[in-house]
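Working notes for the structure below.
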Amino acid sequence: MNNLSSLGIIGLGTMGSALSENLMNNKISISVFNRENENEKMVVKNFIKKNKRFKFLRGYNNLFQFINSLKKPRNVILLIPPGKIIDTLIKDLIPILERNDLIIDCGNSFYKDSIKREKLLKKSKIEFLDCGISGGEEGARNGPSLMIGGNKKNFKRIFPFFKKISAKDLQKNECCAHMGGMGSGHFVKMIHNGIEYGEMQLIVETFSVLNLKYSYPEIIRFFEKLNTSIDNSFLLKSTISILKEKRSSGKYVVDEILDEAETNGTGLWASIEGLNLNQSNSIMISSLLARTLSSNKALRKKYNLERSSSKLKIDLDNIQKAFYISKCLNHYQGFQIIHKAKVDFKWNINLSEIARIWTNGCIIKSELMSEISTFLKKDEDSLKTILTFGINSNLALLSFSAAFNYWISLTSEKSNANIIQAQRDFFGNHGFRNKNTNSIVSFPWTK
Ligand code: 6PG
């Protein structure tokens with residue numbers, strides 16, 4: 001094999017290996033690199049062995065040899081964990097890469113780090129793209145959704161490869177798109193993950209409500225029905241598979257799992273960045289809080305109180321409606337953050353294009369929200385019912401509650417923030433806007 005490889009992949013973890021296989025299945029010649037140390041032994045060797053049927057695969061433990069196995073100008077994909085490790089790697093790459101070589105960070109990096117890295121690489125005339133990949137291992141292997149930020153010329157350079165490996169929407173268009181300027185790919189992926197947290201939590205809360213009255217097989221049947229409706233989603237489908245999993249003893253696998261949720265941090269970033277952009281992303285925040293609250297089992301055990309369950313009834317149709325409304329609002333909140341980022345950061349992001357590449361033609365697009373709002377109004381009582389049921393059953397429904405409060409606030413012209421403004425003026429002389437004159441004034445409050 002004398003020809004040089006079209007792409008280089010650094011990092012043969014779960015995502016790196018799966019994406020490499022996807023590239024090879026699409027007949028793209030690749031070189032792969034993974035470091036060799038105490039914790040990562042024989043990674044490259046084993047990968048090559050496992051994939052020996054592919055003729056256009058080369059593996060390296062030596063970064064210099066790896067880089068020299070690539071066609072010029074080189075395209076190097078990073079699939080390694082976010083953080084310092086990427087900065088260290090970039091430092092090692094700079095002296096061995098050449099002008100016009102391109103690095104594409106396909107990990108879950110923080111978007112502000114990507115902006116800094118592009119600046120650093122620019123000094124050496126090395127190009128950079130930030131790319132969010134969604135779909136987990138399965139997606140990476142068979143077709144992920146790819147959100148790419150950075151210079152459009154670089155996007156066009158990498159698109160012919162990514163086009164082949166990405167998922168396809170219902171119209172058979174590739175789920176791979178240019179988001180906007182540097183950082184926007186990782187930003188959109190970060191918000192995607194915030195929405196993901198919200199949707200996971202809403203499924204879990206729906207499960208908790210159902211679990212008070214129904215058996216696992218009944219819950220599975222309900223979720224299966226939901227999954228043939230507009231609520232159909234990858235996360236719901238995955239949850240159904242999870243709930244079905246049993247040991248040979250007949251015991252459900254989920255019941256073996258310690259009920260402390262973990263995170264990799266992207267949901268926290270999404271929550272903070274949403275707030276930084278002055279957005280009310282309460283559903284992703286509530287889902288993050290639910291994970292945080294769950295994470296100290298010992299404390300919960302210490303304060304555990306036995307409570308009787310509710311005598312109230314709730315019908316399945318109501319649960320489905322409450323789930324649907326909350327899911328729409330969760331997406332809406334996420335899209336609002338992206339919209340604000342587009343304006344504030346001057347990114348040329350196309351929101352419906354994001355909805356397309358995320359959901360294979362899902363209807364939950366922010367542009368549709370005005371039509372959806374009349375539709376949601378009709379079913380808003382379902383949220384009240386599920387919350388009343390939750391309160392009476394002593395169930396913490398953080399995300400349903402966030403969805404309800406957000407929905408009511410969003411659709412109520414009058415808020416009580418005038419009193420907040422008055423309080424701020426009272427003790428801090430901060431002033432307030434007079435709604436009749438539209439001017440900022442202060443009032444000599446009697447103290
Ligand atoms: C995806 C996922 C993926 C991963 C999250 C999990 O779109 O493929 O979002 O990136 O599942 O990082 O995040 P937590 O570990 O924080 O739940």
Side-chain angles (χ1 to χ4, degrees), residues 82-83 108-116 130 132 134 147 149 179-202 204-205 261-295 325-347 349 351 354-355 358 364-366 369 396-412 415-421 423-424 428 430-433:
N108 272 330
S109 287
F110 185 49
Y111 76 103
K112 285 184 183 162
D113 289 341
S114 303
I115 295 171
K116 277 191 214 143
D130 61 306
S134 173
M147 299 140 246
M179 300 287 99
M182 179 45 59
S184 61
H186 283 147
F187 184 91
V188 171
K189 175 62 182 19
M190 171 186 78
I191 300 303
H192 164 279
N193 281 23
I195 297 174
E196 177 183 296
Y197 278 40
E199 194 155 328
M200 287 164 79
Q201 180 64 18
L202 286 168
V204 168
E205 290 184 9
E262 294 178 40
T263 86
N264 274 331
T266 46
L268 174 63
W269 294 342
S271 299
I272 294 173
E273 291 308 304
L275 290 173
N276 276 337
L277 288 162
N278 199 29
Q279 296 304 298
S280 323
N281 47 334
S282 55
I283 302 175
M284 69 174 73
I285 294 172
S286 67
S287 61
L288 179 67
L289 284 175
R291 291 197 190 192
T292 316
L293 280 164
S294 80
S295 67
I325 294 185
S326 307
K327 211 174 113 156
C328 288
L329 293 173
N330 181 37
H331 275 77
Y332 179 66
Q333 290 186 347
F335 274 91
Q336 286 294 96
I337 303 176
I338 298 173
H339 175 71
K340 187 69 180 355
K342 167 187 164 127
V343 176
D344 284 17
F345 306 149
K346 300 188 174 49
W347 283 334
I349 297 183
L351 291 170
I354 294 177
W358 275 0
I364 307 161
K365 299 177 190 173
S366 53
M369 200 54 199
L397 300 177
L398 279 83
S399 290
F400 274 126
S401 162
F404 175 73
N405 287 311
Y406 177 72
W407 169 246
I408 296 298
S409 307
L410 182 71
T411 53
S412 305
S415 84
N416 46 21
N418 49 329
I419 314 282
I420 302 277
Q421 288 299 79
Q423 289 167 332
R424 293 176 69 250
H430 294 296
F432 53 85
R433 190 176 293 277

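In this chain, numbering begins with 1 at the start of the sequence shown. Reckoned from all heavy atoms, side chains included, excluding hydrogens, waters and symmetry mates. Remember, it's a predicted structure, so these values are computed and weren't measured experimentally.
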Is a donor from one side chain sitting under 3.5 angstrom from an acceptor on the other, for Lys189 and Asn108? yes
Distance-only polar pair, side chains of Ser399 and Ser286, donor-acceptor under 3.5 Å: yes
Is Lys112 close to His186 at the side-chain level, that is, under 4.5 Å between some pair of heavy atoms? no
Judged by atom type as modelled, is there a donor-acceptor pair below 3.5 Å linking the side chain of Arg291 to the main-chain atoms of Glu262? yes
Distance, nearest 0.5 Å, that separates CE of Met190 from CZ of Phe110: 6.0 Å
Any Lys/Arg nitrogen of Lys327 or Glu199 sitting under 4.0 Å from an Asp/Glu carboxylate oxygen of the other? yes
Any donor-acceptor N or O pair under 3.5 Å, side chains Gln333, Ser280: no
Distance check, rounded to the nearest 0.5 Å: Ile191 atom CD1 versus Gln279 atom CD? 9.5 Å
Any side-chain donor-acceptor pair under 3.5 Å between Asn193 and Thr266? yes
Note: Gln201 and Ser287 closest approach over all heavy atoms is CB-CB, 3.4 Å
How close do Asn281 and Ala270 get, counting heavy atoms only, and between which atoms? ND2-O, 3.4 Å
Quick one: pull up CG in Leu277 and CD1 in Ile272 and give me the separation to the nearest 0.5 Å. 12.0 Å
Tell me, do Thr263 and Tyr197 make a side-chain contact under 4.5 Å, heavy atoms counted? yes
So do Ile354 and Met179 actually touch side chain to side chain, heavy atoms under 4.5 Å? yes
Taken to the nearest 0.5 Å, the spacing of Ile420 CD1 from Phe432 CZ works out to 14.5 Å
Kindly say whether Ser114 contributes a backbone atom to a donor-acceptor pair with the side chain of Ser109 at under 3.5 angstrom? no
In this structure, CG of Asp344 is separated from CG of Asn278 (nearest 0.5 Å) by 9.5 Å
Within a strict 4.5 Å, meaning less than it, do heavy atoms of the Leu293 and Leu398 side chains meet? yes
Indicate yes or no for a side-chain donor-acceptor contact from Gln421 to the backbone of Arg433 under 3.5 Å, with no hydrogens or angles considered. no
Could you label the plane-to-plane angle of the Trp347 and Phe345 rings as parallel, tilted or perpendicular, counting under 30° as parallel and over 60° as perpendicular? perpendicular
Can you check whether Ile349 reaches Ser184 side chain to side chain, under 4.5 Å on heavy atoms? yes
Got Leu329 and Phe404 here, is their nearest side-chain heavy-atom distance under 4.5 Å? no
Using 30° and 60° as the class boundaries, would you call the ring planes of His192 and Trp358 parallel, tilted or perpendicular? perpendicular
Backbone N/O of Ile195 and side chain of Asn330: donor-acceptor pair under 3.5 Å: yes
Parallel, tilted or perpendicular: which one describes the rings of Tyr111 and Phe187, with boundaries at 30° and 60°? perpendicular
Spacing of CG belonging to Leu275 relative to CD1 belonging to Ile337, to within rounding of 0.5 Å: 8.0 Å
